[in-house]
4 protein chains.
Amino acid sequence: MQKLKTSTRREKVEQREDAIIEAARRTFAKRGFAKTTMAEIARQSGVADGTVYLYFKNKEDLARAVVSDFYRRLTASAQSGVDELASTAEQLKFLATNHMELIMKERRILEMLPLINGEIDSYGGSELFDLNKNYVVIFDRIAKAGQASGNIKTNITPWILRDIFFGAMDYGFKTMMIKDRRKDIDLFVDDLLSLILVDSSAFKPRRDDMSHIAGRLEAAAERLETMIKRNPHER
Amino acid sequence: MQKLKTSTRREKVEQREDAIIEAARRTFAKRGFAKTTMAEIARQSGVADGTVYLYFKNKEDLARAVVSDFYRRLTASAQSGVDELASTAEQLKFLATNHMELIMKERRILEMLPLINGEIDSYGGSELFDLNKNYVVIFDRIAKAGQASGNIKTNITPWILRDIFFGAMDYGFKTMMIKDRRKDIDLFVDDLLSLILVDSSAFKPRRDDMSHIAGRLEAAAERLETMIKRNPHER
Amino acid sequence: MQKLKTSTRREKVEQREDAIIEAARRTFAKRGFAKTTMAEIARQSGVADGTVYLYFKNKEDLARAVVSDFYRRLTASAQSGVDELASTAEQLKFLATNHMELIMKERRILEMLPLINGEIDSYGGSELFDLNKNYVVIFDRIAKAGQASGNIKTNITPWILRDIFFGAMDYGFKTMMIKDRRKDIDLFVDDLLSLILVDSSAFKPRRDDMSHIAGRLEAAAERLETMIKRNPHER
Amino acid sequence: MQKLKTSTRREKVEQREDAIIEAARRTFAKRGFAKTTMAEIARQSGVADGTVYLYFKNKEDLARAVVSDFYRRLTASAQSGVDELASTAEQLKFLATNHMELIMKERRILEMLPLINGEIDSYGGSELFDLNKNYVVIFDRIAKAGQASGNIKTNITPWILRDIFFGAMDYGFKTMMIKDRRKDIDLFVDDLLSLILVDSSAFKPRRDDMSHIAGRLEAAAERLETMIKRNPHER
DNA sequence: AATGAATGAGACTTCATTCAT
DNA sequence: TATGAATGAAGTCTCATTCAT
């Protein structure tokens, strides 16, 4: 019975911590770090002001917990999705799509990163650094296997390939947000992967040994098609 | 004489505005937006606290001016460098290197972007949006010419190619900062370009045996594009 | 058996109370009243935060207990030392030295006095007042005997003599702390006593060769005077 | 005109600083350091909360200014009074009386001393240490002259004499406060001085060297007779 | 146009004390 | 009796912005 009680108490504590993180996440996402007050977070969590400080040393620490939590969810969903797929192309496609969808939803959370990591120099070794590493390593593993099996280009330094992969998406989603065209995620991901994969047939028509001429004709045709497809919407 | 006086006065005003922006830039870069006080900026500019408000409506407005100024300098240095080069590969290489070097130096300035653009939705149409557009258009022009001349892959949607280009660098420089390996810029840029360029063997413009037919088709396609863009209402 | 159990329980309670007082004493001495937290005291005592409040009404009450305890120890050590000595001079010397050594060690404790006695007006009659009285009465008794035996000057009002005695030491120890010269305690005490004692030969070289007879007569006369002076008023 | 304006402004600033110090003094004196809020001081000074921080770095700094101000007033009034008197005895009497009266009025201010001087070790060299030194040096000068002219005992180490002098008063006033007998100041001061001065005739009845023993014995005898005659019933 | 002293809202944080377990 | 998580009042201090000079 005592064990049960202890267990219950621990659960309660964890529930409370989760409630605070969740409230913080919501509020940070709505107002940004600076304009969010601890009082508001406390109110949203249904606890007293002081209680928040029992769980988190200060506002920055809470923000860090929120970002950590985001990274954990991101990593978990990415890993579990990747595990169910076999081919390099499919795995990367899932990883990319999952990434874009989640960072779109929680972009304000990611904007806090530079604020809560004082100097970039001290970032290496921090908890967040490790969490980020834990996440991107999913790509690294896929890429390594892909390069071994000849599915991914080998003439690019691995860490640069990774930076291109994630950097392109972190930047690209903003463009999409501004133009309010979330439906382009698929297009974006396909184009990105076609750059990385040796044989992008899974996403784009094959172009292997074709002559340049044929290739460019095709490209020109595609652009025309694209224009025509998009035009009606632009009106 | 009066004219001279007026001119002098106007110059003085401009000098003062520049001094404030420069001081703000330095201080924002050192401490970040939140930890920089208006009083510090005033002191660094050699003006009184109140004077800053004669030139800028508020702190956010001043930060916007700083970022605008940064974009203007970035665009100017990029454009002037690009203008002196002929080949697609050389132009892109310069654009990339210039970009990485400048954002490394002023990374804290760019971190302010999400803070001074309230909702991302209102970003499109803002002054900063236009300035950013002005900048990235340099890439767009090179890319267009590059695709026309067959130096750049054509199977990637242009705006996505652009996002990959800038996104990769904005992300990559962080990795390099953390590892304190700024010397990798060259490696990074080369790898990035090798993905984008059709023949990246030496980043030299390839004058391969162009087919007349392809050239004509391409030219036709461009003309069509232009027409359709200009006259959307014509159906 | 029940009695034994009760006794054990009572002992346990007393041990706990002592532990809390001791922890409080240490912490107050280290950080002062304001900067000491109840949580820290609880931690140092090895009890839970709430438990402290089972033994002491509040922080002030606990501080009072600490000071009371200090006075009790001060009184006990003074009394037991004095009891073993015979001459007025030796007794005062012991009393003074004992006082200086203890208040040097626990000066932060005494600094709390004004904080825990709200208005000075309500001090008279309080427990601390009584404890202080209990302590200084040791001096009073020595002084009375000393005056009776002619060893202490009689032309000073007794309570003033006492205030001079303790006041000089409470002030003097600070001077010594600042100059970090604790070795001057002896010098200080000797000088102080030479002022109070009629014949300070025990501490200072004799100044003249007064005859014993004259001296004794004078002392007797003074005692008579004192008796007569005070008697009518006391009625 | 500009000079006048500057002068006016400086005066205004000084007036404001004085007003804040005065309000702080009043409030600290009424409630003590801990229970005094900066908001209350601001309100009492007639300025906004933030304004106080333009003049004083923080609450502790303000308290220090209040104590400094007290020491300055104490020193000024002591010095000017002493300057008008000639004899050692008169000067010391004035110094003592002035001291007691002022510390009685502002005792809560002095109680703040241990709070605003963190560690006693760092007290030496601080501004308050210097101010205190400036003050007690008045005694030192009188004592030096007094010892030179033979009016003050020479067998006491000078700094100890000084500590006895001030210590006795700082302690004695408390006794008087508790018993609410401020009228005893005179008695106290006289007794204290009679200990320090070689010839305390100015304060105590003279007892010159010739035939005093016999004379006093005679007087004592007479008084005894009187007493006995007056109180026959007491037997 | 320039100054810079003054403002005052409001943020974060602490911690003595309580009370359900 | 003991616990310790929770409370929430209250305090200090900052700083963007204003406005009289």
Side-chain angles (χ1 to χ4, degrees), chain A residues 2 5-6 8-10 12-13 16-17 34-43 45-62, chain B residues 9 12-13 16 34-43 45-62, chain C residues 9 12-13 16 34-43 45-62, chain D residues 2 5-6 8-10 12-13 16-17 34-43 45-62:
Chain A
Q2 202 185 357
K5 216 174 172 179
T6 306
T8 306
R9 195 169 269 181
R10 188 179 300 164
K12 202 178 165 187
V13 162
R16 210 152 241 215
E17 187 171 312
K35 288 185 183 168
T36 295
T37 71
M38 291 298 267
E40 169 75 1
I41 292 171
R43 208 172 53 75
S45 320
V47 301
D49 289 20
T51 306
V52 179
Y53 287 86
L54 293 179
Y55 290 85
F56 304 95
K57 213 181 63 189
N58 51 36
K59 192 181 175 185
E60 207 175 295
D61 194 45
L62 175 53
Chain B
R9 212 170 251 176
K12 204 177 165 187
V13 162
R16 211 153 239 210
K35 289 186 183 167
T36 294
T37 68
M38 292 298 267
E40 170 75 358
I41 292 170
R43 208 172 55 74
S45 321
V47 302
D49 290 20
T51 306
V52 179
Y53 286 84
L54 296 177
Y55 291 84
F56 303 95
K57 211 182 68 193
N58 52 34
K59 192 181 177 183
E60 212 173 290
D61 194 44
L62 175 53
Chain C
R9 210 170 252 178
K12 204 176 165 188
V13 163
R16 210 153 240 212
K35 290 184 183 168
T36 294
T37 68
M38 293 297 267
E40 169 75 0
I41 292 170
R43 208 173 54 76
S45 320
V47 301
D49 290 19
T51 306
V52 179
Y53 287 85
L54 296 177
Y55 291 84
F56 303 94
K57 209 182 68 194
N58 52 33
K59 192 180 177 183
E60 212 174 290
D61 194 44
L62 175 53
Chain D
Q2 203 186 356
K5 215 173 171 180
T6 307
T8 306
R9 194 168 269 180
R10 188 179 300 163
K12 202 177 165 188
V13 163
R16 208 151 243 214
E17 187 171 313
K35 289 186 183 167
T36 295
T37 70
M38 292 297 266
E40 169 74 0
I41 292 171
R43 209 174 52 76
S45 320
V47 301
D49 289 20
T51 305
V52 179
Y53 288 87
L54 293 179
Y55 290 86
F56 303 96
K57 214 180 62 190
N58 51 36
K59 192 181 176 183
E60 207 175 295
D61 194 45
L62 175 53

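Computed over heavy atoms, backbone and side chain alike; hydrogens, waters and symmetry mates excluded. Fair warning: this is a prediction, and the values are worked out from it, not measured in the lab.
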If you check the B:Asp49 side chain, which of E:dT17, E:dT13, E:dG4 turns out closest? E:dG4
Tell me: CZ of C:Arg43 to P of E:dC15, nearest whole Å? 14 Å
In whole Å, what is the span from the CZ atom of C:Phe56 to the P atom of E:dT18? 16 Å
With respect to the phosphate group of F:dA2, does any side-chain polar atom (N or O) of C:Tyr55 fall under 4.0 Å of OP1 or OP2? yes
Any side-chain heavy-atom pair of C:Arg16 and C:Thr51 under 4.5 Å: yes
Nucleotide forming a Watson-Crick or wobble pair with F:dG4, both distances under 3.5 Å: E:dC19
Let me know the distance between CD1 of D:Ile41 and P of F:dC13, rounded to the nearest Å. 11 Å
Validation row: D:Leu62, D:Tyr55 side chains within 4.5 angstrom (heavy atoms): no
Closest nucleotide among E:dC12, E:dT7, F:dG4 to the D:Val47 side chain: E:dT7
When B:Thr36 and D:Asn58 are each assigned the nearest nucleotide of DNA chain F, the 5'-most assignment goes to D:Asn58
Between C:Met38 and C:Asn58, which heavy-atom pair has the shortest distance, and what is it? CE-C, 4.2 Å
For DNA chain F, whose closest nucleotide is more 5', that of D:Ala34 or that of B:Lys59? D:Ala34
Just name whichever nucleotide pairs with F:dT12, Watson-Crick or G-U, keeping both distances under 3.5 Å, else none. E:dA11
Between F:dT7, E:dG8, F:dA16, which nucleotide has the shortest distance from any of its atoms to the side chain of A:Ala48? F:dT7
Assign each of B:Leu54 and D:Leu54 to its nearest nucleotide of DNA chain E by heavy atoms, then name whichever residue's nucleotide is nearer the 5' end. B:Leu54
Of all the choices, E:dC12, F:dG8, F:dT3, which nucleotide is nearest to the side chain of C:Arg16 once you look at every atom? F:dT3
Could you check how far CG of A:Asp61 sits from C1' of E:dT13, rounded to whole Å? 14 Å
Rounded to the nearest Å, what distance is computed from the CG atom of residue C:Leu62 to the C1' atom of nucleotide E:dC15? 15 Å
Which nucleotide in the set E:dT13, F:dT7, F:dT3 lies at the smallest distance from any side-chain heavy atom of A:Thr51? F:dT7
Quick one: which of E:dT14, E:dA16, F:dA5 gets closest to the side chain of C:Tyr53? E:dA16
Side chain of C:Thr37 only, heavy atoms from C-beta on: which candidate in E:dA2, F:dC13, E:dC15 is closest? E:dC15
Using heavy atoms to find the nearest nucleotide of DNA chain E for A:Met38 and C:Met38 separately, return the residue whose nucleotide is more 5′. A:Met38
